[in-house]
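The next block holds one structure in the form of structure tokens; read it before the comments.
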Amino acid sequence: MAAAKLLRIEETEISDFCIHKKSIDARRKQQLCYVYQVTLSCAREEKRVKRCGKNNVTWEEGAISGNNRQDRFPGRKITGLQKEKGIVVAGFGPAGMFAALELAKAGLAPLVLERGQDADRRQKAVDDFWAGNGLNAECNVQFGEGGAGTFSDGKLNTMVKDPSGRNRQVLQTLTDFGAPSEILYLQKPHIGTDCLKEVVKAIREKIIRLGGTVLFGTRLERLVTEAGALKQIIICKDGKEQAISCNRLVLAIGHSARDTFYSLKDGGLFMEQKAFAVGVRVEHPQEMIGQNQYGAYHTKLPAADYKLTYQTGTGRGVYSFCMCPGGYVVNASSEEGMLAVNGMSYSDRGGVNANSAIVVTVSPEDFGSPDVLAGVEFQRQYERAAYFLAGGKIPVQLFSDFLQGRVSTSFGSVFPCTKGGYAFGDVRGMLPGFIGDAVAEGMQAFDRRVRGFAREDAILSGIESRTSSPVRMVRDESLQSNIHRVYPCGEGAGYAGGITSAAMDGIRVAQEIRKEIDQNG
């Protein structure tokens with residue numbers, strides 16, 4: 001074993017061995033290697049580490065046991081929690097799901113509202129839509145059990161700093177409910193949409209066993225406040241509105257709940273405009289990406305990915321986003337007469353194409369209005385254009401034609417891998433000029449790093465408009481909004497950018513609620 005050799009000890013002397021990180025070093029294509037970061041225990045640890053000098057070995061007392069402690073309130077009895085009533089979680093994506101699980105584990109029996117359906121009924125609604133049978137505006141790729149991340153690559157990496165250990169807690173929780181254990185140590189962990197659906201169902205069942213309630217097909221309509229504090233919420237279920245008491249509300253509504261954004265604005269919840277990104281999806285052969293990343297070894301290694309960034313001559317940022325190895329471009333629309341695309345992979349990443357969003361930063365200055373929801377209308381404007389460009393199908397265009405601003409008439413050697421129908425259209429002409437220009441410049445710049453990236457027959461589709469929320473809901477140090485006892489969290493609130501960071505934010509909010517109840521009742 002390499003670790004034993006490094007420490008100059010026998011393998012039999014090692015105990016409590018675990019892998020913390022596994023990655024591929026592909027800097028030299030002919031000498032690819034896996035890089036591992038491991039933690040282990042052995043006799044006379046400190047002395048043996050000193051003997052290694054600075055040779056990639058460090059010593060930390062209790063490192064293994066310390067890394068396994070995830071509960072911020074270990075073994076502590078919280079009095080009065082079972083008496084707390086009226087905690088509602090609006091939204092059952094990663095933020096709402098992990099908030100609800102944390103609250104349920106504390107005995108707080110949350111009521112969870114999800115406007116979409118459970119994973120099985122949601123899959124049927126999405127499959128029907130992709131087959132051309134019409135959009136269900138309440139249950140689709142954006143809305144339903146697991147949130148938008150359920151129909152994605154299921155990426156679990158995050159750039160969020162994690163001194164609290166919540167990142168590890170998210171990954172451990174996912175493995176506890178059926179995700180593969182390798183996500184605990186892979187440098188770029190992912191689950192895949194097929195596996196993720198089963199995991200979210202298992203988490204929901206656990207929340208219910210712990211006393212929580214999950215209502216599908218139930219939309220948060222508006223808040224009822226009194227003297228600056230939450231009093232009730234109005235929900236809509238089966239087409240009928242009803243008022244329910246609510247002492248604390250976790251707002252985890254996701255980045256596509258535009259009607260709810262407007263309702264919250266009308267109800268006086270403070271929000272701010274926020275930058276996001278807009279662009280297209282690009283498809284290349286997965287084999288091409290693999291050869292660029294791993295050379296001749298690409299057939300023996302997991303499907304290769306990439307991450308690319310560039311700044312245009314005018315100062316615009318262009319970057320790849322949500323890259324899906326061996327994946328599919330999906331019609332991710334959630335409103336009638338509008339079209340948005342996203343990327344999705346199954347757990348095996350076995351598709352013939354790689355796809356990624358190539359997006360351009362959009363700032364509030366680009367919205368052309370001081371209205372807090374101007375970013376929402378910016379998204380809608382171009383989603384309408386995308387819808388009409390190809391009659392509701394995903395509009396596609398070869399990169400050579402994208403550069404020339406002409407509609408494609410045939411494919412080269414790359415064919416679309418999509419979920420939902422597609423048709424040729426002038427994707428470049430559909431975009432705002434500054435975005436189309438930046439995508440064209442960025443794609444050609446990326447070709448210098450990934451050979452063939454700007455190939456003539458690369459397929460572009462659009463519009464990729466749901467990279468993140470166009471608003472941020474203002475919250476204070478206690479994570480509450482200006483409306484007392486309303487806790488915005490996750491992607492929709494503007495505090496996360498992916499499955500893991502949204503789940504971490506949901507845990508953080510739930511822990512804050514638990515602490516506040518313990519202190520104040």
Side-chain angles (χ1 to χ4, degrees), residues 16-24 34-40 60 63-74 92-105 119 145-207 252 302 305 307 322-325 345-349 489-491 495-511:
D16 296 325
F17 180 90
C18 70
I19 300 172
H20 275 280
K21 191 75 70 176
K22 175 184 176 182
S23 60
I24 297 175
Y34 281 108
V35 178
Y36 289 87
Q37 183 183 52
V38 303
T39 300
L40 57 86
E60 180 181 345
I64 289 183
S65 59
N67 283 336
N68 288 336
R69 180 71 269 166
Q70 301 301 332
D71 193 349
R72 288 182 63 198
F73 304 92
F92 204 49
M97 181 174 296
F98 276 79
L101 180 62
E102 192 77 5
L103 293 167
K105 288 192 296 184
E145 184 170 31
T150 301
F151 291 94
S152 72
D153 183 57
K155 290 179 183 61
L156 301 174
N157 49 304
T158 177
M159 300 299 291
V160 175
K161 294 182 179 179
D162 186 36
S164 66
R166 295 189 187 101
N167 187 356
R168 183 76 178 182
Q169 180 179 348
V170 170
L171 298 178
Q172 184 63 62
T173 299
L174 292 172
T175 62
D176 290 344
F177 289 97
S181 59
E182 65 183 15
I183 67 172
L184 294 171
Y185 57 79
L186 289 179
Q187 183 186 31
K188 298 178 180 179
H190 87 109
I191 295 183
T193 186
D194 47 340
C195 179
L196 194 55
K197 284 183 292 187
E198 299 306 314
V199 171
V200 300
K201 287 193 288 185
I203 293 176
R204 179 236 303 169
E205 291 165 359
K206 179 66 171 180
I207 291 169
D305 63 4
K307 185 175 183 180
C322 188
M323 192 271 164
C324 296
S345 296
Y346 294 110
S347 56
D348 66 357
R349 289 176 164 175
C489 74
E491 280 208 43
Y495 293 97
I499 292 172
T500 304
S501 60
M504 290 166 62
D505 200 49
I507 292 171
R508 183 185 177 202
V509 164
Q511 290 173 339

Test side chain to side chain contact (heavy atoms under 4.5 Å, CB included) applied to N157 and Q187, step by step: CA-CA 8 Å; N157 49 304; Q187 183 186 31; over 6 Å; no
Sidechain-backbone polar pair: T193 side chain, S345 backbone, donor-acceptor under 3.5 Å: no
Interatomic spacing from CG in N167 to CE in M504 - rounded to 0.5 Å: 5.0 Å
Non-hydrogen atoms of S152 and G149 that approach each other most closely: OG-O, 2.6 Å
A95 versus C489, closest heavy-atom pair with distance: CB-SG, 3.9 Å
Spacing of Q511 atom CD and Q169 atom CD [to the nearest 0.5 Å]: 6.0 Å
Gap between atom CG of L101 and atom CZ of R204 - 0.5 Å precision: 13.5 Å
Closest approach of A179 to I191 (non-hydrogen atoms, all atoms of both residues): CB-CD1, 3.9 Å
Heavy-atom pair of closest approach, residues A119 and K201: CB-CG, 3.7 Å
E198 side-chain N/O to G178 backbone N/O, donor-acceptor pair under 3.5 Å: no
All pairs passing salt bridge (charged side-chain N to carboxylate O under 4.0 Å, His left out) where residues 175-186 contributes a residue, at least two apart: none
Results of side chain to side chain donor-acceptor pair (under 3.5 Å) for K155 - residues two or more places apart only: D153
Derivation of the side chain to side chain contact (heavy atoms under 4.5 Å, CB included) call for R508 and R166: CA-CA 8 Å; R508 183 185 177 202; R166 295 189 187 101; 3.8 Å; yes
Flag side-chain contact, heavy atom, 4.5 Å: K188 against D305: yes
R168 side chain to L184 backbone, donor-acceptor under 3.5 Å: yes
Contact check, side chains of T150 and E145, non-hydrogen atoms, under 4.5 Å: no
Sidechain-backbone polar pair: S347 side chain, G192 backbone, donor-acceptor under 3.5 Å: no
Distance in Å, F177 CZ paired with I203 CD1, rounded so as to fall on 0.5 Å steps: 5.5 Å
Flag if over 12 foreign heavy atoms under 6.0 Å of NZ, K105: yes
Side-chain heavy atoms of T175 within contact of Q172, under 4.5 Å: yes
Over all atoms of both residues, closest heavy-atom pair of A100 and I207: CB-CD1, 3.8 Å
CG-CD1 distance between L171 and I183, expressed to the nearest 0.5 angstrom: 5.0 Å
Side chain proximity check, V170 to I507, heavy atoms < 4.5 angstrom: yes
Shortest non-hydrogen contact between L174 and F98, atoms and distance: CD2-CZ, 4.0 Å
